[in-house]
Visitor: 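Dropping the structure in here first, questions after.
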Amino acid sequence: MIKKFINSLIDKTIASKSEYFKNILTLLSGTAFAQLILLLITPILSRVYDPESFGDYTILLSIVNVLTVFATGRYELAILLPKNSIWAKQILYLVAIISAVFCIFLLPIIVIFNSFLQKTFNLSHASSVLFLVPLLVFINANLSSLLYWFNRKRQYKKISFNKISESIVTSGVSILLGIFKWPQGLILGRILGQLTALFLYGKSANWRDISTFRISKKRLSYVAKRYINFPKFLVAAHFFNTSAYEAPGLIINYYFGNSILGFYGFANRIATAPLSLMAGSIGNVFREEAARHYISNGNCHTIYTATLKTLLKLSIVPFILFFIFAPDIFRIIFGEKWITAGYYARYMTPMYFFQFISNPLSVVFLITEKQRVDFLWQIFLFVLNITIVVLGSLFFDIKTTLIIFSLGYSIMYLINILLSYHFSKGK
């Protein structure tokens, strides 16, 4: 049934490529099940954790997501590009080394400035787990590089299985700790879930394949220089991009308080589930397929337009329905106290829609090595969003602030889509 539904939506130029369709379906079904687990346990989480706990969770994830950008140098994004796997392996090693060194230096900083960070970010319960931030950053960095490695090898079943396993562990631990009134349970559940995924990637990897060649300073130096544009442009670019997405939460926390941030974070948690479900699955397969097309033909325009049409067909009706019924969905499923989060989700639905379309396709900037253009776009996105949220917080209520924020983000995502469409045509 699912196969027939997706097949009817996917453009004929893709559907005719049975392997491409099969890969999308494999990742889609795995991600769907993983997201279903998280959605099913969220009504329980919303009753065992208060908005302040979700606020702390949102802040910590914001910190981790920003720091992960620096921990990898964004080299993991280059794993798909070398024709020869020898060099892809060296990039995998490079990311592991860079992230380990970064997190070793990060740990004493977190320990020394623990009290300062707690006051700065207005953390209610999470100061005691701040020292785990370097661990979570290291896990994030290496999970990302291993995902790209498995993506390169087209081992989509393993990716799906690991996503489901991570979701089960995260959910189980979060519920258990919530029942025992541990306010830090959400972040601890995430850490244990991601550790599980990291272990499974390591266990299922073909280590003979990965470690055929020893780590070589020459090879590491070569790939570091060959793909220098990734840290040169993308670290700063993705810092601005991640900050543009994460910083508004921190600003909301400063001006409106931890409870309002909890509603905002909860709205994002629920509303972005469709993004992870569909766009993430299609995007992972598109990334590998588009890279191969570009290397072989000098462009990836055909696969780009077909994927764009598929994303539009998948998204328009669900997002319209979500916009209309979001407050009622949150009230019925998660409890009366979360209806405010439902209204926040409604205000940001246009942003979610354009994010859903843009994110899978934006990999074209990397494939075509247009990092400089991407960097300029990220800077403008960062400046625009921070300006909107700060001015909105100073002069308007949270509702108006989120509506303007969503509109600004939507315009920037639309520009991103137009640019990636143009670059997909090749030189």
Visitor: So, do Leu77 and Val363 sit near enough that their side-chain heavy atoms are less than 4.5 Å apart?
Guide: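 Heavy-atom side-chain distance check fails, nothing below 4.5 Å.
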
Visitor: With a 4.5 Å heavy-atom cut-off, do Ile357 and Tyr413 have their side chains touching?
Guide: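 Not in contact.
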
Visitor: Only one of Tyr344, Tyr343, Phe54 clears ring pair (Phe, Tyr, Trp, His ring centres under 6.0 Å) with Trp338; which?
Guide: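 For Trp338, the ring pair (Phe, Tyr, Trp, His ring centres under 6.0 Å) test succeeds with only one of Tyr344, Tyr343, Phe54, which is Phe54.
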
Visitor: May I have the step-by-step check of side-chain contact (heavy atoms from CB on, under 4.5 Å) for Ile252 and Leu402, ending in yes or no?
Guide: CA-CA 10 Å; Ile252 288 170; Leu402 291 179; 4.1 Å; yes

Visitor: Could you check Leu419 against Phe365 for side-chain contact (heavy atoms from CB on, under 4.5 Å), going step by step and ending with a plain yes or no?
Guide: CA-CA 9 Å; Leu419 287 171; Phe365 286 95; 3.7 Å; yes

Visitor: Is the side chain of Thr242 donor-acceptor paired with the backbone N or O of Phe239 at a distance under 3.5 Å, no angle test?
Guide: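 Such a contact is absent between Thr242 side chain and Phe239 backbone.
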
Visitor: Is it true that atom OH of Tyr255 has more than 12 heavy atoms of other residues, nucleotides or ligands lying nearer than 6.0 Å?
Guide: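 Counting other residues, nucleotides and ligands, OH of Tyr255 exceeds 12 neighbours.
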
Visitor: Considering non-hydrogen atoms only, spot the tightest contact between Ile324 and Arg346 and give its length.
Guide: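 Minimum heavy-atom separation between Ile324 and Arg346: O-NH2, 2.7 Å.
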
Visitor: Is the distance from the ring center of Phe266 to that of Phe334 below 6.0 Å?
Guide: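 Yes: the rings meet the under 6.0 Å criterion.
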
Visitor: As a quick check of understanding, evaluate side-chain contact (heavy atoms from CB on, under 4.5 Å) for Leu200 and Glu166, giving each step before the final call.
Guide: CA-CA 9 Å; Leu200 290 174; Glu166 178 185 349; over 6 Å; no

Visitor: Under 6.0 Å from the CZ atom of Arg47, do we count more than 12 heavy atoms belonging to anything else shown?
Guide: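 Enclosed.
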
Visitor: Between Asn229 (side chain) and Lys232 (backbone), is there a donor-acceptor pair under 3.5 Å?
Guide: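 No, the answer is negative, given that no donor and acceptor are paired below the 3.5 Å cut-off.
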
Visitor: Would you sort out whether Tyr49 and Leu177 count as a side-chain contact (heavy atoms from CB on, under 4.5 Å), showing the intermediate values?
Guide: CA-CA 10 Å; Tyr49 292 101; Leu177 295 181; 4.0 Å; yes

Visitor: Any donor-acceptor pair under 3.5 Å linking the side chain of Ser362 with the backbone of Asn359?
Guide: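 Present.
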
Visitor: I'd like to know if the side chain of Ser406 and the backbone of Met351 have a donor-acceptor N/O pair within less than 3.5 Å.
Guide: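 Checked: pair present.
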
Visitor: A side-chain contact here means heavy atoms from C-beta on lying under 4.5 Å apart; do Phe240 and Ile386 qualify?
Guide: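 With C-beta onward as the side chain, the pair stays apart.
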
Visitor: Between NE2 of His293 and CZ of Phe286, what distance do you get to the nearest 0.5 Å?
Guide: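 If we round to the nearest 0.5 Å, His293:NE2 and Phe286:CZ are 9.5 Å apart.
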
Visitor: Return the OG1 to CG distance between Thr58 and Asn268, rounded to the nearest 0.5 Å.
Guide: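 CG of Asn268 is found 7.5 Å from OG1 of Thr58.
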
Visitor: Just wondering, do Thr310 and Lys313 contact through their side chains at under 4.5 Å, heavy atoms?
Guide: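 No, every pair of side-chain atoms sits at 4.5 Å or beyond.
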
Visitor: Please report the interatomic distance CD1(Ile417) to CZ(Phe354), rounded to the nearest 0.5 Å.
Guide: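 Taking CD1 in Ile417 and CZ in Phe354, the distance rounds to 6.5 Å.
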
Visitor: Compute the ring centroids of Tyr352 and Phe319, then answer whether they are less than 6.0 Å apart.
Guide: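 Not close enough - the centres of the two rings lie 6.0 Å or further apart.
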
Visitor: How far apart are the closest heavy atoms of Val133 and Leu60, and which atoms are they?
Guide: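 Looking at all heavy atoms of both residues, the closest pair is CG2-CD2, 4.1 Å.
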
Visitor: Side chains of Trp149 and Lys153: does their closest heavy-atom pair fall under 4.5 Å?
Guide: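 Sidechains of Lys153 and Trp149: in contact.
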
Visitor: What's the separation between atom CG in Leu311 and atom CZ in Phe353, rounded to the nearest 0.5 Å?
Guide: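 The CZ atom of Phe353 is 9.5 Å from CG of Leu311, to the nearest 0.5 Å.
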
Visitor: Which pair of non-hydrogen atoms, one from Ala267 and one from Ala341, has the smallest distance, and what is that distance?
Guide: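 Closest heavy-atom pair between Ala267 and Ala341: CB-O, 3.3 Å.
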
Visitor: Quick one: do the Gln378 and Asp374 side chains pair a donor with an acceptor below 3.5 Å?
Guide: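 There is such a pair (donor and acceptor under 3.5 Å, judged by atom type) between the side chains of Gln378 and Asp374.
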
Visitor: Are side-chain heavy atoms of Ile411 and Leu384 found at a separation under 4.5 Å?
Guide: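 No. Closest side-chain heavy atoms not under 4.5 Å.
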
Visitor: Compute whether any side-chain donor of one residue and acceptor of the other, for Asp56 and Ser53, lie under 3.5 angstrom apart.
Guide: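 No donor-acceptor contact under 3.5 Å links the two side chains.
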
Visitor: Are the side chain of Ser393 and the backbone N or O of Val389 linked by a donor-acceptor pair below 3.5 Å?
Guide: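 Between the backbone of Val389 and the side chain of Ser393 there is a qualifying donor-acceptor contact (under 3.5 Å).
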
Visitor: With distance as the sole test, does Lys337 use its side chain to make a donor-acceptor pair with the main-chain N or O of Ser46 at under 3.5 Å?
Guide: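 Indeed, once roles are kept as given, a pair shorter than 3.5 Å links the two residues.
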
Visitor: With Ser145 as reference, evaluate Ile79, Leu94, Ile98 under the side chain to side chain contact (heavy atoms under 4.5 Å, CB included) test and give the passing residue.
Guide: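 That would be Ile79.
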
Visitor: Given 3.5 Å as the limit, does a donor-acceptor pair link the side chain of Arg331 with the main chain of Glu336, or not?
Guide: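 Here the side-chain-to-backbone pair does not exist.
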
Visitor: Please examine the side chains of His301 and Ser424, heavy atoms only from C-beta on, and report whether any two atoms are closer than 4.5 Å.
Guide: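 A side-chain contact under 4.5 Å exists here.
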
Visitor: Flag the pair Phe405 / Tyr409 as yes when their ring centroid distance falls below 6.0 Å, and as no otherwise.
Guide: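 Distance test on ring centres: under 6.0 Å, yes.
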
Visitor: Does the side chain to side chain donor-acceptor pair (under 3.5 Å) test come out yes or no for Asn162 and Ser165, once each step is laid out?
Guide: CA-CA 5 Å; Asn162 292 353; Ser165 302; 5.2 Å; no

Visitor: State whether the side chain of Tyr75 and the backbone N or O of Phe230 hold a donor-acceptor pair below 3.5 Å, judged by distance alone.
Guide: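 Checking the backbone N and O of Phe230 against the side chain of Tyr75, no donor-acceptor pair under 3.5 Å is found.
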
Visitor: Starting at CZ of Phe396, measure out to CD1 of Ile403 and round the result to the nearest 0.5 Å.
Guide: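 Separation between the atoms: 11.0 Å.
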
Visitor: Rounded to the nearest 0.5 Å, what separation is found between the CD1 atom of Ile191 and the CG atom of Leu198?
Guide: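 That separation rounds to 13.0 Å.
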
Visitor: Identify the two heavy atoms, one from Asn416 and one from Ser358, that lie closest to each other, and give their separation to 0.1 Å.
Guide: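 Scanning both residues, the minimum pair turns out to be OD1-OG, 3.1 Å.
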
Visitor: Any salt bridge between Arg292 and Glu289, counting N to O under 4.0 Å?
Guide: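 Yes, Arg292 and Glu289 are salt-bridged.
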
Visitor: Evaluate the side-chain proximity of Ser144 to Thr72: yes if any heavy-atom separation is below 4.5 Å, no if none is.
Guide: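 With C-beta onward as the side chain, the pair stays apart.
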
Visitor: Write down the atom of Arg269, the atom of Leu45, and the distance for their closest heavy-atom approach.
Guide: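 Minimum heavy-atom separation between Arg269 and Leu45: NH2-CD1, 3.2 Å.
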
Visitor: For residues Tyr304 and Ser420, is any side-chain donor paired with an opposing acceptor at under 3.5 Å?
Guide: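 Judged by distance alone, the side chains do pair up.
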
Visitor: Looking only at heavy atoms, which two atoms of Tyr294 and Cys300 are closest? And how far apart?
Guide: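 Minimum heavy-atom contact is CD1-N, 4.2 Å.
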
